[in-house]
Amino acid sequence: MSLPQGSDQSRLPLAGIVFKSKEPVNSLLEDVSRTLAVRGLNLAGVLQQAVIPEGRAEKNVCLSSLRGSWQMPVLQDRGQHAQGCRLDPHAITDVAGRLSADLEAGADILIVNRFGRAESEGYGLRQVLEQAVCAEIPVLLAVREDYVSAWEDFHGGMGELLPLDRDTVLSWCDAVCEPVKSPA
């Protein structure tokens, strides 16, 4: 991936918050998203929530639009003894299409719950991330520590790693997003 022509290369348009499994990255992304929305930024993206469907014992993961317009379960129900990845490729394709439309409608920043296995293998929400960069929309996402190498391969020097720290993440957002007047 390369920067769009005429882009300011001193500003890295991508940031990945590095986290270890079980660390509260979802809470951090939710807090940062709320803060940016209060500041008046036009957000696009998804946050992850664990849910237990009615009548089921096994949890599912839902992605919720930051624009509040939809929520989508993204894990397949493969039975109690199934092993391996449960990510539903059809659901992720649907999420990608919805995020793409959100970006086309305009956004100040794209926030995505993960850069994970699917993105590291060339699918998932990868095209949406590329679309945002080409449209000069900054991207903030979470990168579990075992996908850092794939994240770095993906961004090719256009991104940076951030610690799991609210102030650091908000400072990056302030540096890459256009100034927006705070509500009075």
Side-chain angles (χ1 to χ4, degrees), residues 1-26 28-30 32-33 36 41 43-48 61 63-66 72 74-75 84-104 106-166 168-178:
M1 185 167 49
S2 61
L3 284 171
Q5 296 245 336
S7 293
D8 175 4
Q9 294 189 13
S10 65
R11 169 179 119 165
L12 296 177
L14 301 162
I17 303 167
V18 180
F19 72 101
K20 295 177 183 174
S21 184
K22 309 274 188 215
E23 285 186 317
V25 71
N26 296 327
L28 175 66
L29 285 172
E30 186 176 334
V32 166
S33 297
L36 295 177
L41 289 174
L43 307 178
V46 289
L47 296 178
Q48 177 175 309
V61 171
L63 298 183
S64 298
S65 167
L66 287 174
M72 172 122 8
V74 295
L75 297 182
C85 183
R86 295 178 47 216
L87 189 64
D88 182 345
H90 300 292
I92 295 300
T93 298
D94 191 356
V95 168
R98 291 169 186 244
L99 289 177
S100 180
D102 284 351
L103 292 176
E104 287 176 14
D108 296 317
I109 188 168
L110 173 67
I111 299 175
V112 176
N113 65 303
R114 297 287 186 276
F115 180 93
R117 180 178 175 186
E119 291 75 22
S120 70
E121 293 176 354
Y123 56 99
L125 300 179
R126 192 172 175 132
Q127 288 182 329
V128 174
L129 303 176
E130 293 171 358
Q131 177 185 354
V133 171
C134 288
E136 298 185 5
I137 298 169
V139 177
L140 175 67
L141 45 73
V143 181
R144 199 173 67 207
E145 65 182 353
D146 45 337
Y147 290 106
V148 167
S149 180
W151 162 247
E152 290 174 339
D153 288 344
F154 168 73
H155 71 64
M158 291 176 50
E160 59 188 287
L161 296 172
L162 300 176
L164 188 68
D165 176 76
R166 180 183 191 275
T168 303
V169 172
L170 286 172
S171 291
W172 178 85
C173 293
D174 290 342
V176 299
C177 292
E178 295 296 321

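FYI, side chains are in, hydrogens and waters are out, and symmetry mates aren't considered; it's all heavy atoms of this structure.
With values rounded to the nearest 0.5 angstrom, Q127 atom CD is found 12.5 Å from L99 atom CG. Separating the NE2 atom in H155 from the CG atom in L14 is a distance of 7.0 Å, to the nearest 0.5 Å. Between atom CG of residue L29 and atom CD1 of residue I17 there is a gap of 4.5 Å, rounded to the nearest 0.5 Å. From T168, atom OG1 reaches atom CZ of R166 across 11.0 Å, with rounding to the nearest 0.5 Å. The line from CE of M72 to CG of D94 is 3.5 Å long, rounded to the nearest 0.5 Å. Separation of atoms CG (L63) and CG (N113) is listed at 5.0 Å; rounding is to 0.5 Å.
The shortest side-chain heavy-atom distance between R144 and W151 does not fall under the 4.5 Å cut-off. Counting only heavy atoms from C-beta outward, the side chains of D108 and L36 never approach each other to under 4.5 Å. Considering only heavy atoms from C-beta on, P24 comes within 4.5 Å of L164 through its side chain. Annotation: side chain of R114 is not in contact with side chain of Y147 (no heavy-atom distance under 4.5 Å). Looking only at side-chain heavy atoms (C-beta outward), V74 and I92 come within less than 4.5 Å of each other.
Heavy atoms only, all atoms of each residue included: V25 and A142 are closest at CG2-CB, 3.5 Å. Residues P13 and V133 come closest through the heavy atom pair CG-CG1, 4.4 Å. The minimum heavy-atom distance linking I111 with S33 is given by the pair CD1-OG, 3.5 Å. Taking all atoms of both residues into account, the shortest heavy-atom contact from W172 to A15 is CE2-CB, 3.4 Å. Of all heavy-atom pairs between C173 and V32, the closest is SG-CG1, 4.3 Å. Residues R126 and G122 approach most closely at CD-CA, 3.6 Å, considering heavy atoms.
For the pair S100 (side chain) and G97 (backbone), a donor-acceptor distance under 3.5 Å is absent. A donor-acceptor contact shorter than 3.5 Å links the side chain of E119 to the backbone of L125.
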#### Entry: Steps toward side chain to side chain contact (heavy atoms under 4.5 Å, CB included) verdict (Q48, V46)
CA-CA 7 Å; Q48 177 175 309; V46 289; over 6 Å; no
### Query
Stepwise, does the side chain to side chain contact (heavy atoms under 4.5 Å, CB included) test hold for L47 with L66?
CA-CA 7 Å; L47 296 178; L66 287 174; 3.5 Å; yes
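Within the structure, ring-ring contact (aromatic ring centres under 6.0 Å, His included) contacts touching residues 121-146 (residues at least two apart or in different chains) do not occur.
Among L28, L140, V18, the one residue that satisfies the side-chain contact (heavy atoms from CB on, under 4.5 Å) test with L162 is L140.
Atom CD of E152 is surrounded by more than 12 heavy atoms from other residues, nucleotides or ligands within 6.0 Å.
Taking 4.0 Å as the cut-off between side-chain N and carboxylate O, R98 and D102 do not count as a salt-bridged pair.
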